Enquirer: 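This structure is in structure tokens; I'll ask about it shortly.
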Amino acid sequence: MRVLITEDNGELAEFIQEALSQEGYLSDIARSAGELKLFLKEASYAAIILDLGLPDVDGIDVLKGLRRDKNMVPVLILTARGGVQDRIKGLNHGADDYLIKPFAIDELIARLRALLRRPNSLSNTLLESGNVKLDVIAKAITVNNNNIVMGRTEIAVLEAFMRNEGLTVSKESLENMIYQDGYSLTDNALQVAVHRVRKKLADAHSTLEITTIRGIGYLLK
Ligand code: CA
């Protein structure tokens, strides 16, 4: 399993590389967005660690470019920008996780391991979290093997949550994910849909819970 470290601070990049190698992960170091592009042409990576402050292109634009090209490789952002708005921006543009500098190397390894373990990646159409299963193609949902009926928007909301289990999903990000499904929603309609999904899961004795994180969004756990 190979990881691409994108970081222009050479010392930090090598420190991360050394820690990854102790965990048994191979890695390459790209020191700019340009180098990252070259590496991606040569090899495929299980995950990318992406510094936002790169010398040539802003990391957020690098991330946008990857997702525009339908490259769904898990991306963990590293940045000194720790504001809530910056975090939301990163997650909105398709980052899978976010770590603020300075960070503990053990936390980076733990988060990376969690990313690599996540089963509900974007290419998967049969999602499973706790006792909930969602067949994205057939639009079929079961909780404890009992069928649950949900409307189209509710299914889109559930899918967005299941693909991001354990991660905070901002309202904006949720709106974007659902919009990509072909239609947009008002803020209120979105809240109603989240409420319905939460209630239907609870009524069916789901082991999953949608928690509201005030001012940020939601968390499925
Ligand atoms: Ca930097």
Side-chain angles (χ1 to χ4, degrees), residues 1-124 129 163-170 173 213 216-217 219-221:
M1 210 178 275
R2 210 170 183 90
V3 175
L4 184 58
I5 304 162
T6 314
E7 168 63 68
D8 59 318
N9 178 333
E11 223 170 285
L12 178 58
E14 279 160 29
F15 176 61
I16 294 172
Q17 183 167 52
E18 174 60 31
L20 289 180
S21 119
Q22 283 177 13
E23 296 295 318
Y25 297 117
L26 297 171
S27 62
D28 294 312
I29 298 174
R31 292 178 200 269
S32 64
E35 281 191 26
L36 170 131
K37 269 197 170 168
L38 295 176
F39 274 111
L40 289 182
K41 274 190 194 145
E42 297 299 319
S44 85
Y45 292 91
I48 295 177
I49 296 172
L50 179 64
D51 174 33
L52 289 190
L54 295 172
D56 48 354
V57 180
D58 189 282
I60 289 284
D61 292 321
V62 172
L63 178 61
K64 282 192 209 167
L66 285 173
R67 298 313 188 221
R68 212 182 298 123
D69 296 341
K70 305 282 178 231
N71 186 334
M72 295 306 175
V73 58
V75 172
L76 188 150
I77 284 180
L78 285 185
T79 180
R81 306 172 201 165
V84 170
Q85 284 311 318
D86 286 314
R87 252 180 290 164
I88 290 174
K89 201 169 156 196
L91 296 171
N92 274 348
H93 290 298
D96 298 86
D97 204 355
Y98 212 102
L99 204 53
I100 292 157
K101 292 177 179 176
F103 55 87
I105 192 74
D106 290 348
E107 184 171 9
L108 174 67
I109 300 289
R111 284 174 181 255
L112 187 68
R113 210 182 278 135
L115 269 192
L116 295 171
R117 255 201 324 254
R118 264 168 62 190
N120 292 338
S121 66
L122 282 163
S123 54
N124 207 339
S129 305
R163 289 197 190 279
N164 293 281
E165 189 186 352
L167 300 174
T168 305
V169 177
S170 71
S173 160
I213 315 263
I216 299 185
L219 176 67
L220 183 77
K221 52 182 185 182

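Throughout, numbering of the chain's residues begins at 1 and tracks the sequence. Note that the structure is predicted; figures quoted are calculated from it, not measured.
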Enquirer: Quick one: pull up CG in Leu108 and CG in Leu99 and give me the separation to the nearest 0.5 Å.
Expert: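 Separation between the atoms: 6.0 Å.
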
Enquirer: With a 4.5 Å heavy-atom cut-off, do Leu54 and Val57 have their side chains touching?
Expert: no

Enquirer: If I take atom CD1 from residue Ile5 and atom CZ from residue Arg31, how far apart are they, to the nearest 0.5 angstrom?
Expert: 9.5 Å

Enquirer: What closest approach, in Å, do Ile60 and Leu52 show between heavy atoms, and which atom pair accounts for it?
Expert: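 So the two residues come closest at N-CD2, 3.7 Å.
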
Enquirer: Write down the atom of Ser129, the atom of Glu165, and the distance for their closest heavy-atom approach.
Expert: OG-OE1, 3.0 Å

Enquirer: On a heavy-atom basis, which atom in Asp96 and which in Val73 lie closest, and how many Å separate them?
Expert: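 Where Asp96 meets Val73 most closely, the heavy atoms are OD1-O, 4.0 Å.
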
Enquirer: Is it the case that the side chain of Gln17 and the backbone of Ser27 share a donor-acceptor pair, with hydrogens and angles ignored and the cut-off at 3.5 Å?
Expert: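 Side chain of Gln17 to backbone of Ser27: a pair is present.
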
Enquirer: Residues in side chain to side chain contact (heavy atoms under 4.5 Å, CB included) with Leu12, at least two apart?
Expert: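 With sequence neighbours excluded, Leu12 shows a side chain to side chain contact (heavy atoms under 4.5 Å, CB included) to Glu7, Asn9, Phe15, Ile16, Lys101, Phe103, given in chain and number order.
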
Enquirer: Between CD1 of Ile48 and CG of Asp28, what distance do you get to the nearest 0.5 Å?
Expert: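 The CD1 atom of Ile48 sits 11.0 Å away from the CG atom of Asp28.
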
Enquirer: Which atom names give the shortest non-hydrogen contact between Gly90 and Tyr98, and what distance separates them?
Expert: CA-CE1, 4.0 Å

Enquirer: In terms of side-chain geometry, is the basic nitrogen of Arg113 or Asp97 positioned less than 4.0 Å from the acidic oxygen of its partner?
Expert: no

Enquirer: I need the Leu76 CG to Arg111 CZ distance, nearest 0.5 Å.
Expert: 7.5 Å

Enquirer: Can you measure from NZ (Lys64) to NZ (Lys89) and round to the nearest 0.5 angstrom?
Expert: 6.5 Å

Enquirer: Enter the distance from Ile100:CD1 to Leu78:CG here, rounded to the nearest 0.5 Å.
Expert: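 Separation between the atoms: 10.5 Å.
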
Enquirer: State, to 0.1 Å, how close Ser32 and Pro55 come at their nearest heavy-atom pair, and which atoms those are.
Expert: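 Residues Ser32 and Pro55, closest heavy atoms: CB-CG, 4.2 Å.
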
Enquirer: If I compare all heavy atoms of Asp56 with all of Ala33, which pair ends up nearest, and what's the gap?
Expert: OD1-N, 2.9 Å

Enquirer: Are more than 12 heavy atoms from other residues, nucleotides or ligands located less than 6.0 Å from atom CD of Glu23?
Expert: yes

Enquirer: What verdict does the side chain to side chain contact (heavy atoms under 4.5 Å, CB included) test give for Val75 and Val62, after you've listed the backbone C-alpha separation in whole Å, the side-chain angles of each residue and the deciding distance to 0.1 Å?
Expert: CA-CA 11 Å; Val75 172; Val62 172; over 6 Å; no

